Amino acid sequence: MDEKYNPESIERKARQFWDDNHIFEVDEDPEKDKFYCLTMFPYPSGKLHMGHVRVFTINDVIARYQRMRGKHVLQPMGWDAFGMPAENAAIQRGVPPAEWTYKNIAEMRLQLKRLGFGYDWTREVTTCKPEYYRWEQWLFTRLFEKGLVYRKNAIVNWDPVDQTVLANEQVIDGRGWRSDALVERREIPQWFMKITSYADELLEQLDALPGWPDSVKTMQRNWIGRSEGVELSFDVKDHDQPLSVFTTRPDTLMGVTYMAVAAEHPLAKKAAQQSPEIAEFIEACKKTDAQEATLETMEKKGMALGISAVHPISGDDVPLWVANFVLMTYGTGAVMAVPGHDQRDHEFAKKYGLPIRQVVRPADGSEIDIDESAFVEHGVLVNSAAFDDLNFEQAFDAIAEHFEASGRGRRRVNYRLRDWGVSRQRYWGTPIPIVYCDDCEAVAVPENQLPVVLPENVSVTGAGSPLKQMPEFYETDCPQCGKPAKRETDTFDTFVESSWYFSRYACPDSDTAMLDEREAYWLPVDQYTGGVEHAILHLLYARFFQKLMRDEGLSSANEPFTNLLTQGMVLKDGAKMSKAKGNTVDPQALIERYGADTVRLFMMFAAPPEQALEWSDDGVQGAFRFLKRFWVAVQEYASNGVIHNLNTGALDDGQKQLRRKTHQTISKVSDDVGRRYTFNTAVAASMELLNAVNRFEDASDQGQAVVGEALQAVVLLLSPIVPHICQELWRVLGHDSALVFEKWPSVDESALVKSTVELVVQVNGKLRGRIAVEADADNDEIAELALADENVQKFIAGQAIRKTIVVPGRLVNIVV
RNA sequence: GCCCGGGUGGCGGAAUUGGUAGACGCUGCGGACUUAAAAUCCGUUUUGAGAAAUCAAGUGCGGGUUCAAGUCCCGCCCCGGGCACCA
């Protein structure tokens with residue numbers, strides 16, 4: 001007997017067994033019930049961090065559990081290998097991004113193996129390899145032909161000192177992270193994918209995702225932001241183009257007292273030619289970064305343009321303003337302002353002394369002071385001439401019809417969602433497969449010339465993309481006319497790679513198509529696990545790509561992820577672990593000291609997966625201590641000889657009680673792991689059962705048989721979480737077969753039956769006593785017993801009983 | 001600013017459908033074993049009062065609904081995530 005728990009050797013042995021027998025490599029067997037269990041793949045930053053350990057452990061537990069439930073489980077792993085950190089490393093250390101990335105992947109792969117995750121490594125996908133990204137280039141060219149991608153100007157953060165485009169992350173308090181220069185907004189041409197063409201489907205199919213958390217679906221709904229409104233146009237004096245605006249509140253049209261346009265709007269530019277003050281204001285508007293949070297929180301400023309529009313109904317003059325919070329790239333670049341019924345317009349009007357007009361009153365007739373604050377609710381129209389006394393819906397329709405009849409407007413559905421800008425002015429990414437020709441303009445690279453390979457041997461300086469300095473990359477011939485032409489030097493947003501990798505795992509080696517018939521076997525993903533920080537962007541883009549791939553005939557699935565689990569962050573001292581804060585804990589050191597099982601157990605025990613997890617060194621110690629107790633308990637039991645002759649009909653009360661605990665635990669852990677994903681309570685319940693075994697002293701044959709059943713249950717129940725130690729203990733319990741081939745234990749309902757139950761007795765909702773009653777006692781008997789309790793008597797003495805509530809199996813409440 | 005979460009002992013958390021608040025673990029304290037330490041084991045640990053039985057208070061704050069509220073409703077405060085070029 002091996003009395004000391006030695007994780008190092010136990011874990012090496014278990015890993016060896018899984019590897020040698022290719023346990024986690026799976027084929028496409030149509031006879032088997034597939035289960036595709038996936039985590040969001042990691043960026044290869046160099047070392048695993050605790051967040052990785054957490055999410056991969058959660059997924060491995062689900063995968064191993066489903067395997068024990070008889071599913072044919074695919075759990076793949078790969079690398080989201082393009083991105084900024086590789087460029088930063090290159091700038092700082094002079095290592096080419098490719099070299100740095102491949103080295104990191106090699107290190108992280110070793111760490112993942114050491115943690116015992118059951119991956120099918122034959123399907124590993126690495127997004128920075130041409131075999132991978134050539135297919136997204138191919139899909140892009142197909143979308144180009146279909147008109148689902150297009151080029152237009154868009155705003156970027158421009159660092160005027162480093163002469164480079166900055167990511168939002170690289171802008172700190174409006175300044176460039178390296179140069180400290182004030183960042184400017186700059187418009188440059190970029191490629192877009194028409195995600196808005198799929199807005200309605202992306203919205204509606206959220207209802208077909210019962211396996212997603214409501215919070216994520218709500219966030220996506222709000223992000224897509226479907227709204228019904230009216231687009232209408234205002235004539236502009238001394239200008240031949242009318243100004244069109246979109247509003248969801250046409251009922252407030254008569255309350256329009258001014259209009260505001262973006263700094264980049266043609267009308268603003270026109271006014272600037274006459275006025276140096278306006279020109280100066282427009283310049284000042286550009287001196288801010290492009291983040292929404294900045295725009296929403298900055299001081300709202302504006303300036304009158306000296307131009308007027310004509311109110312389309314009253315014919316009144318409506319002054320035009322330029323305002324810093326209106327963006328040219330959103331909507332029409334102009335808004336109508338109704339300070340009486342919009343809070344932002346109200347504040348702006350107050351600040352610049354613009355008139356505020358009430359055109360809606362509360363439907364309940366209550367008094368409001370429109371000068372004090374805007375009345376933004378729906379109500380009844382006033383001061384609106386022919387539209388007076390109409391409610392919101394009537395006014396909406398009447399005004400929409402008025403404009404439709406005169407051809408000056410139309411009902412429209414508008415989305416907050418904007419098309420996806422996929423261009424990045426960076427080196428370490430997938431080259432956008434476009435060639436610019438003076439005659440033919442933008443031309444997609446033909447299929448037989450794909451992939452456009454990213455050169456890997458470069459030096460990165462931080463001032464612009466190296467591709468722009470490489471004629472050997474960008475000089476080419478036009479695929480259409482053959483004349484000299486230039487390649488696009490921008491690369492794709494890395495969200496493009498992460499929008500379809502889950503499908504590629506099904507057929508990672510397919511070199512004749514993006515996806516092949518194996519996709520149909522594995523997709524959609526049954527269980528997807530990843531950080532809640534991806535609730536909107538990544539998950540929306542992946543859903544969009546799924547629809548693009550479906551419409552391209554590559555897949556028949558509408559949605560890529562059937563069930564979604566969003567896990568919380570790992571914190572230390574209440575804050576996200578980061579190098580900057582100096583509060584990181586290296587998983588590697590812990591694995592070496594305690595073994596993978598201890599780290600896995602702590603991760604699963606410390607918090608439910610969706611919550612933030614507070615790191616605790618002492619908690620890791622506790623997990624290790626539990627595994628030692630577990631090890632010793634099984635060894636001690638086995639050293640007395642394993643008993644197999646459990647006779648459930650011949651048990652005494654104590655034996656029955658332990659056996660009931662065993663089956664209650666199987667029932668609870670099955671629910672916690674299989675349905676609720678509350679692994680922390682599953683571990684707690686298993687600990688309780690082991691504690692019960694350790695307290696149980698009964699050397700009789702049946703006593704030991706009951707102990708054996710309990711220990712065997714704990715080994716099976718904990719095996720998805722701590723697979724190495726369980727693999728070994730299963731052998732100790734006398735089994736020849738390997739644990740990975742075992743089925744999940746089942747509950748013996750007859751073991752759960754109890755003849756008496758304890759009920760709580762309350763008086764006026766306060767706990768006053770406990771009574772034991774027969775399990776089948778009726779409510780009158782229960783009430784009688786409750787009243788007879790000595791302590792209960794004290795609290796009801798001399799008072800009339802008004803009501804008695806009996807909740808079967810739970811409590812009695814006596815109201816006096 | 002907007003959208004989505006969260007707030008329970010000294011700490012991480014439990015309480016699954018409105019029904020015993022604090023399971024399980026950690027820490028602390030007391031004890032056993034040991035020459036000693038580590039490891040291990042036993043007891044104890046929401047606060048206040050009490051020898052105890054037991055009583056009172058208690059789930060961020062203020063109200064409300066209910067026989068009964070950590071859980072539902074209304075109004076706040078604080079913390080975290082996302083806000084379209086971090087991944």
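To find a chain, count down the sequence lines: A is the first, B the second, and so on, and within it residues start at 1. Everything quoted here is computed from the prediction, not taken from an experiment.
For A/Glu296 and B/C3, a side-chain-to-base donor-acceptor distance below 3.5 Å is absent, hydrogens and geometry of angles not being considered. A/Gln170 contributes no side-chain N or O that forms a donor-acceptor pair with the base of B/C86 under 3.5 Å. A donor-acceptor contact under 3.5 Å is formed by the side chain of A/Asn813 with the base of B/C67. Between the side chain of A/Lys766 and the base of B/U20, no donor-acceptor pair of N or O atoms lies under 3.5 Å. If you check distances only, the side chain of A/Arg810 never reaches the base of B/U20 with a donor-acceptor pair under 3.5 Å. Side chain A/Arg625 to base B/U40: no donor-acceptor pair is found below 3.5 Å.
The interatomic distance linking A/Phe624 (CZ) with B/A38 (P) rounds to 16 Å, in whole Å. If you measure from atom CZ of A/Arg424 to atom P of B/A84, you get 11 Å, rounded to the nearest angstrom.
Using a 4.0 Å heavy-atom distance criterion, A/Arg768 is classed as a sugar-phosphate-only contact. Residue contacts for A/Val171: at a heavy-atom cut-off of 4.0 Å it reaches no nucleic acid atom on any strand shown. Using a 4.0 Å heavy-atom criterion, one finds that A/Trp223 contacts the bases of the nucleic acid, with or without backbone contacts as well. Residue A/Thr218 is classed as a sugar-phosphate contact, given heavy-atom separations below 4.0 Å to backbone atoms only. Within 4.0 Å (heavy atoms only), A/Leu540 reaches no atom of the nucleic acid at all. The residue A/Gly568 sits apart from the nucleic acid: no heavy atom pair falls under 4.0 Å. At the heavy-atom level, A/Lys794 lies nowhere under 4.0 Å from the strands shown. Nucleic acid contact for A/Val683: none, since no nucleic acid atom lies under 4.0 Å from a heavy atom of the residue. Residue-level contact check: A/His534 touches the bases, meaning some heavy atom is under 4.0 Å from a base atom. Base contact: A/Ser423 has a heavy atom under 4.0 Å from a base atom.
Both distances falling under 3.5 Å, in either a Watson-Crick or a G-U wobble arrangement, occur for no nucleotide opposite B/A14. In this structure, B/C55 and B/G48 make a Watson-Crick or G-U wobble pair, each of the two defining distances being under 3.5 angstrom. As the counterpart of B/G1, B/C83 is assigned, both hydrogen-bonding distances of the Watson-Crick or G-U wobble pattern falling under 3.5 Å.
Each of A/Phe492, A/Phe41, A/Tyr132, A/Tyr133 was evaluated against A/Phe82; a single residue qualifies, A/Tyr133, per the ring-ring contact (aromatic ring centres under 6.0 Å, His included) test. The side chain to side chain contact (heavy atoms under 4.5 Å, CB included) test with A/Arg768 singles out one residue from A/Asn813, A/Val760, A/Val763, A/Ile796, and that residue is A/Val763.
In this structure, B/G9 shows a glycosidic angle within 90 degrees of zero, which is the syn conformation.
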Criterion ring-ring contact (aromatic ring centres under 6.0 Å, His included) on A/Trp615 and A/Phe602, from CA distance to verdict: CA-CA 9 Å; A/Trp615 183 261; A/Phe602 170 72; 5.0 Å; yes
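Going from the C1' atom of B/C61 to that of B/C78 covers 10 Å, rounded to whole Å. B/G30 and B/C24 have their P atoms separated by 23 Å, given to the nearest Å. Annotation: B/A36 and B/U46 have their P atoms spaced 32 Å apart (nearest Å). Distance noted for atom P between B/U71 and B/G1: 27 Å (whole Å).
Taking every side-chain heavy atom of A/Ser215 into account, B/G5 is the closest of B/C85, B/G5, B/G1.
Aromatic ring pairs are classed by plane angle as parallel below 30°, tilted from 30° to 60° and perpendicular above 60°; the pair A/Tyr5 and A/Phe624 is tilted.
Look at A/Lys194 and A/Asp419 and you find no salt bridge, because none of the NZ, NE, NH1 or NH2 atoms lies under 4.0 Å from a carboxylate O. Using a 4.0 Å cut-off between a side-chain N of Lys or Arg and a carboxylate O of Asp or Glu, A/Glu688 and A/Lys668 do not qualify as a salt bridge.
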